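Small disclaimer: the values here were computed from a predicted structure and weren't measured. In what follows, every heavy atom counts, from backbone to side chain, and hydrogens, waters and symmetry copies are set aside.
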Amino acid sequence: MSTQGSSECKASPQRVGTSALIARHCNLPQLGLALTAIGLAALIQASLHFAVEWVSADVKPDFFAGDDATDFCEKRVREGACLRQPLQMNSRCLGHCEDDHLTSHLKERTLFDDLATDGDCRAVLRLAKEAAVLGDGYGGDAHPFSIHERFLGLTPANAARWAVAQPPEARERWADNAVRTFIALARETRKATQAHFNSTVGSIGELYDDYIHLSCREAEDGEVPDDEHTPPPKTFIYADNCYRQGDFECIQGSPFYYWRTYSAAMFLHSEFDEEVYGGRFHYSSDWDGSKTTTVLPQCGRVAAYNAGPANLHGVEFQTKGRSCMLTVYMTDDESRAAHRDELEEAALILEGHQDEDEEVEDTASKESFVNKFYKTCARSSFQDTLPDEVAKTLPQYHLELDGRKMLVTEVSAAPQLSVIDNFLSTEEMEHLIRLGQPFLKASTVFEQGQLTIAKYRNSRTAWLSEDQVDEITDRVERRVTLLTGLNLRSAEQAQIAYYAAGDQGRYEPHFDWGSTDDVRRNFYSLETNDTLGARIATFLIYLRDVPGGGHTFFTETDLMVSPKAGRAVFWYNLDSEAFGDILTRHGACPVVQGDKYVYTKWIHEVGNMHLFNAASAGSESDRDYLQRDWGRIAEDLRNLEESDDSPMYLWETCEARRSAGSCSILDEWEDLESSCPGICREQL
C-alpha cells in the first residue's frame, strides 16, 4: 500500500516561495541557519503570501497575530475544512486531514468487507465477460485514456435485457441468476453506505441511485510490456461531483454531476489473482496523484466515500488481464436521481413484466416491439439517416427568416413530418443550453394522473421559466410561430432535455398526445389554470451534434431522424378530427457517444382550433391529416417585412378566421381581436 508523501522539510512543486515552503513544512525551531540564508525580508514576504491566500480561503486573520500554526490547522480541521477545502488543507496543513487513512471521519470515507461471496463475484464477473459493452460509460470510447487499455461497461437494466435475449437453457443455468446477483449487490452497497454515513456523519437521509455501473478495464493484446519504451500512462485523478479548476479548486456545477453526494465501489477480484495486474483503486490528496493511498482489492470489499473533492481518486493502468468494479453513484436529491428505479426495472425485465402504459397486446409482442426499437437504433447509431442524396429525392423547400437560410425536407406526407435544417445559430443553441443546464433534473412523464420518474425514460430535463425569457428565447419562439403558423399562447414552456452517453440516455417509444386509449386533454395553464387542450403539435430542435446514437425513431413508419446541431423536426400529433395519430409514436434512441441536448416546444389545441376547420375543407385525400403548405410558407416569408407585426395565426386572413368561428371561442377571440381589431364587433 502506498501512503501519503513524507512531511519532511522539502520543496513542493505547487509553491514558489522558499520561506513559505519552510514555514509550512517545518517546525519553527528547525529554521536555524535557513532564516539567516534567506533573510528577514524574504520571510516577511512569504508570511504575507501565506496570509493573503488563507484570507482568500475564508480564514480569519487572527492567526497571523500570533496563534500557533498547529493550533490554527487544528481549528480548521474542527471547522470541517478537511471536507470543504481539502486541497487547500493539503497545501497548508499537511498531515492534519487523515489523507493516508482508508477509513476517515474527516474525509467521510470507509471500507466494508464481505458484502459479496466468492460465488457472487464469479457470477458477476462472468456476466461482465459475456454482456459488457465496449465503451459503455465513456460515451462509446473504448480507449478513453490509452490504446493499451480498453473499457467495457454494463448497467442493471441492460444486463437484464441481455439476459432475456439468451437461449432458455442459458437463462435457466446462469444468466438470470447472474443479473439478480448484480442487482442484489448494488442494492446492498447502497444500503450499507446509507446506514454508515447516517450513523457517523449525522442524518443524511435516504440515498437514491443516480447511476449504477459494472465497469471493467482490460489490457489490450493480453499484457502490456513494462519497459522504458512503453511506460504506463499517468493515472487520471478526479472527483465524482466536481471538476478541476486550478490546483486548489473543484467546481460543483453543470455540466458535471454536482448533485451526487456519495459513491461506493465494490471490488470483484482479489489482489492475489495471478491473471490480473493493475486496475487498483486509490485515493489521492492532490490532482497530480503524487500522494496516494491504495485500497487493496478483495472480492466483496467496498470503498464508500463522500463524492466531493475530499476524496479525489483514480484507478491504476491495467497491464495484465481484466479487473472489474461495481460502482454505485448516489444522491440525496430524489428529483435528480436519474436511475432511482433501475434495480426494480431490471428485476421486472427478468420477470417479463409488461408496463401498464405500453400499448402492445401481450408480453411476447411487447418484448419484440422494444427489442426491435433498440436493435434498429443500434444499427443506425453512427449513420446519417438523411444524407443529401436521399434528401434530394424528397420534397424540399428553401426558406429565409431572420437572415437564416433554412432547408425544409418533408420526409413524410402522411402524417406530415418535416425536418428543418439550419433553424438556429451556434450562439443561439449554446445560449439555450446554458439557460437549461443549472436546472436539469431527472425527467418525468405523466402517468395515472401525476408526474413520475419513468423507468423507460433516461434523461434530465429543465423547463425554461418566464424569468429566463430574453431576446434570444423570444427570437426562437417567433421563428417557431412563423414556421408553424400556430398560436403559442397555449404552448408549454420550452423544455431543455439532456441525454448522456455515460448512462445510455434514451426515451422508449411513446406518444406526445397521450395513449392509445385516450388523448390527454387535461393540460392546464400554470398561470391561469385554464385548460390548454391536447398537444396538437411538437417542435423539436437538436442543440448539438451527437457523434453516436440519439436519433429520433418514428416506429410505426420506420422513419429515423439523425440529430444534427440546429436541425428542427416538426409534426402534428393529432389528425384532422382531433384524434391522436398512432403513426406519430416515436422514441429517442440511446446516446452511445457524446451527449445530446434538445429543445422542445409542445403546442396545444386552444387557440389553434382553426386548423381542424381548414383540414375538413381540404381535398378528400388530405382530410385525414393536418398539413403545412411549405411552398406557400416559403413564398409568404419572401414577402414578409421585418417591420410587419404579423398575427399569431400567420397566413390566415382576418375574415377567414372569423368565418372559421374564432369569434365564438373566448381564447381565440382574444387573439383575433388583438391582431384584427373590430373583426368580432358584430357578434359581441
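Electrostatic pairing of Glu206 and Arg190 does not count as a salt bridge here, judged by no charged N lying under 4.0 Å from a carboxylate O. Ion pair Asp209/Arg340 not flagged as a salt bridge, since none of the NZ, NE, NH1 or NH2 atoms sits closer than 4.0 Å to an Asp/Glu carboxylate oxygen.
Remark: the Glu508 side chain and the Tyr374 side chain contain an N/O donor-acceptor pair separated by less than 3.5 Å. No side-chain N or O of Gln468 forms a donor-acceptor pair with one of Thr473 less than 3.5 Å apart. For the residue pair Asn573 / Arg535, no side-chain donor-acceptor distance below 3.5 Å is found, with atom types taken as modelled.
Taking the six-membered ring for Trp and thresholds of 30 and 60 degrees, Tyr283 and His313 have ring planes more than 60 degrees apart, a perpendicular arrangement.
In this structure, CG in Asn241 is found 7.0 Å from CG in Asn306, a value given to the nearest 0.5 Å.
The side-chain contact (heavy atoms from CB on, under 4.5 Å) search around Leu125 returns Leu268, Cys324, not counting sequence neighbours. Residues meeting the salt bridge (charged side-chain N to carboxylate O under 4.0 Å, His left out) test with Glu427, sequence neighbours left out: none. Residues forming a side-chain contact (heavy atoms from CB on, under 4.5 Å) with Pro86 (at least two apart in sequence, or on another chain): Lys107, Pro309, Ala310. Listed by chain and residue number, Thr70, Asp71, Arg78, His96 satisfy the side-chain contact (heavy atoms from CB on, under 4.5 Å) test with Glu74 (two or more places apart in sequence, or in another chain).
Counting only residues at least two apart or on different chains, the salt bridge (charged side-chain N to carboxylate O under 4.0 Å, His left out) pairs with a member in residues 179-188 are Arg187-Glu344. Within the structure, ring pair (Phe, Tyr, Trp, His ring centres under 6.0 Å) pairs that include any residue of residues 179-206 comprise Phe112-His196, Phe197-Tyr262 (at least two apart or interchain).
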_Check against side chain to side chain donor-acceptor pair (under 3.5 Å), Gln437 and Tyr597_ = CA-CA 10 Å; Gln437 278 180 335; Tyr597 283 94; 3.0 Å; yes
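With Asp240 as reference, Tyr305 is the one residue of Tyr329, Tyr257, Tyr305 to meet the side chain to side chain donor-acceptor pair (under 3.5 Å) rule.
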